[in-house]
Amino acid sequence: MNTDELLALLVRHREDLRRWLDDDQYRTFLTMLERLREAGTDPERVAMATMAVVRSLWPVPDDAGELARAVHLHGRSVAVTAVVPSQDAVLAALEALYAAPSSTPPGPRREPEPGPEPTAEPASEPATVAAVVAAAKRRLLAEPSRAAAPVGSPSAGSEPADVIVLADPESGPRSPDFQFDPGTGRPRDIVVRVNRILLADRDPWGAADWWLGGNSWLGGRPAALIGQIPDERLADAALALMEEGR
């Protein structure tokens with residue numbers, strides 16, 4: 001699924017989105033779409049903005065059909081392989097989504113009571129793409145982790161993609177704990193296999209998010225399912241994700 005196809009999917013489900021997202025969530029979602037428009041033709045900004053759009057849709061329920069699959073199962077591949085959308089597609093999507101009816105029907109109009117002029121409250125600042133991405137990184141860094149092993153050591157794996165290493169601005173490079181066998185301290189075979197599929201050396205945050213986020217296809221967080229389900233299911237889920245993004 002490319003970025004234009006994602007926009008078409010969102011427009012197709014615009015009324016459903018108004019039911020699934022409350023007003024604040026929907027405003028955040030529209031703000032992220034505005035950031036996608038502002039990203040223009042810069043591929044890096046488009047990728048970040050697309051990721052932010054997908055993350056703003058996390059409240060969409062798992063049983064929401066094709067939209068749930070796009071958000072919860074294939075969302076990372078949409079962001080990682082994001083292509084610059086046509087401006088016409090973004091503007092058309094924004095127009096349709098801004099016009100979507102509110103999930104809460106308006107009540108009867110009431111005349112205001114006479115009284116002093118209300119004091120205007122300061123408008124809340126809309127979430128930015130950077131804020132959404134930063135929040136996602138904080139969530140991943142809050143997971144149990146250890147200092148990244150030196151390159152060439154057994155705990156670092158034999159290839160750059162074998163072990164996820166996240167850049168923590170406070171603690172330095174960190175590796176999420178789930179990757180390691182508690183007995184040997186070495187990377188688990190299935191983790192190395194999946195990390196290579198997910199290109200963890202190029203996109204460590206995306207790979208960590210796949211392992212530590214919910215996965216409706218597998219029925220839980222992949223990291224928590226290591227040893228609970230066959231390794232082949234984990235590998236197949238990762239392959240399906242990357243194939244979808246091609």
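One finds the OG1 atom of T28 at 9.5 Å from the CG atom of L21 (value rounded to the nearest 0.5 Å). Remark: R27 CZ to D24 CG distance equals 4.5 Å, nearest 0.5 Å.
Residues D177 and S145 come closest through the heavy atom pair OD1-C, 3.2 Å. Contact record, A161 with D201: CB-OD1, 3.4 Å, taken as the closest heavy-atom pair. Pairing each heavy atom of A200 with each of I164, the nearest pair is CB-CG1, 3.9 Å.
Under the 3.5 Å distance criterion, the side-chain polar atoms of R146 are left unmatched by any main-chain donor or acceptor of S175. Checked by atom type and distance alone, the side chain of S155 pairs as donor or acceptor with a backbone atom of G185 at under 3.5 Å. Checked by atom type and distance alone, the side chain of S153 never pairs as donor or acceptor with a backbone atom of A149 at under 3.5 Å.
Remark: Q25 pairs with no residue by the side-chain hydrogen bond (donor to acceptor under 3.5 Å, both in side chains) rule, at least two apart or across chains. Residues forming a salt bridge (Lys or Arg N to Asp or Glu O under 4.0 Å) with R139 (at least two apart in sequence, or on another chain): D209. For the ring pair (Phe, Tyr, Trp, His ring centres under 6.0 Å) test, residues two or more places apart in sequence or in another chain that qualify with F178 are W211. Take D162 and apply the side chain to side chain contact (heavy atoms under 4.5 Å, CB included) test, not counting sequence neighbours, and it matches S158, E159, V192, R196.
Contact annotation: the side chain of F180 never approaches that of R186 to less than 4.5 Å [non-hydrogen atoms, C-beta and beyond]. By the 4.5 Å heavy-atom criterion applied to side chains, L57 and V54 are not counted as neighbours. A heavy-atom distance below 4.5 Å is found between the side chains of W20 and D16. The closest side-chain heavy-atom distance from F29 to E34 is not below 4.5 Å.
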Atom pairs and distances, side-chain donor-acceptor, residues 165-172, under 3.5 Å, sequence neighbours left out:
residue: D168; atom: OD1; partner: E170; partner atom: N; Å: 2.8
residue: D168; atom: OD1; partner: S171; partner atom: N; Å: 3.4

Could you tabulate the donor-acceptor pairs under 3.5 Å formed by side-chain atoms of residues 222-234, not counting sequence neighbours?
residue: E232; atom: OE1; partner: R193; partner atom: NH2; Å: 3.1
residue: E232; atom: OE2; partner: R193; partner atom: NH1; Å: 2.9
residue: E232; atom: OE2; partner: R193; partner atom: NH2; Å: 3.2

Checking Y26 against R18 for the side-chain contact (heavy atoms from CB on, under 4.5 Å) test, could you report, in this order, the C-alpha distance in whole Å, the side-chain angles of both residues, the deciding distance, and whether it holds? CA-CA 7 Å; Y26 196 76; R18 290 307 277 125; 3.1 Å; yes
Test side-chain contact (heavy atoms from CB on, under 4.5 Å) applied to L140 and R174, step by step: CA-CA 10 Å; L140 295 171; R174 306 290 297 180; over 6 Å; no
Show your working on side-chain contact (heavy atoms from CB on, under 4.5 Å) between R19 and H13 and close with a plain yes or no. CA-CA 10 Å; R19 291 200 312 272; H13 289 281; over 6 Å; no
Take R138 and L141 through the side-chain contact (heavy atoms from CB on, under 4.5 Å) test and state the conclusion after the steps. CA-CA 5 Å; R138 286 195 298 271; L141 289 171; 5.8 Å; no
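Transitive grouping of hydrophobic side chains (ILVMFWY, heavy atoms separated by less than 4.5 Å) keeps L7 and V11 in distinct clusters. Both M32 and L30 belong to a single network of hydrophobic side chains, linked directly or stepwise wherever heavy atoms of I, L, V, M, F, W or Y lie under 4.5 Å apart. Taken together through direct or relayed side-chain contacts under 4.5 Å among Ile, Leu, Val, Met, Phe, Trp and Tyr, V194 and L212 form part of one hydrophobic cluster.
Each of D181, N195, V163 was scored for a side-chain contact (heavy atoms from CB on, under 4.5 Å) with P187, with one residue passing: V163.
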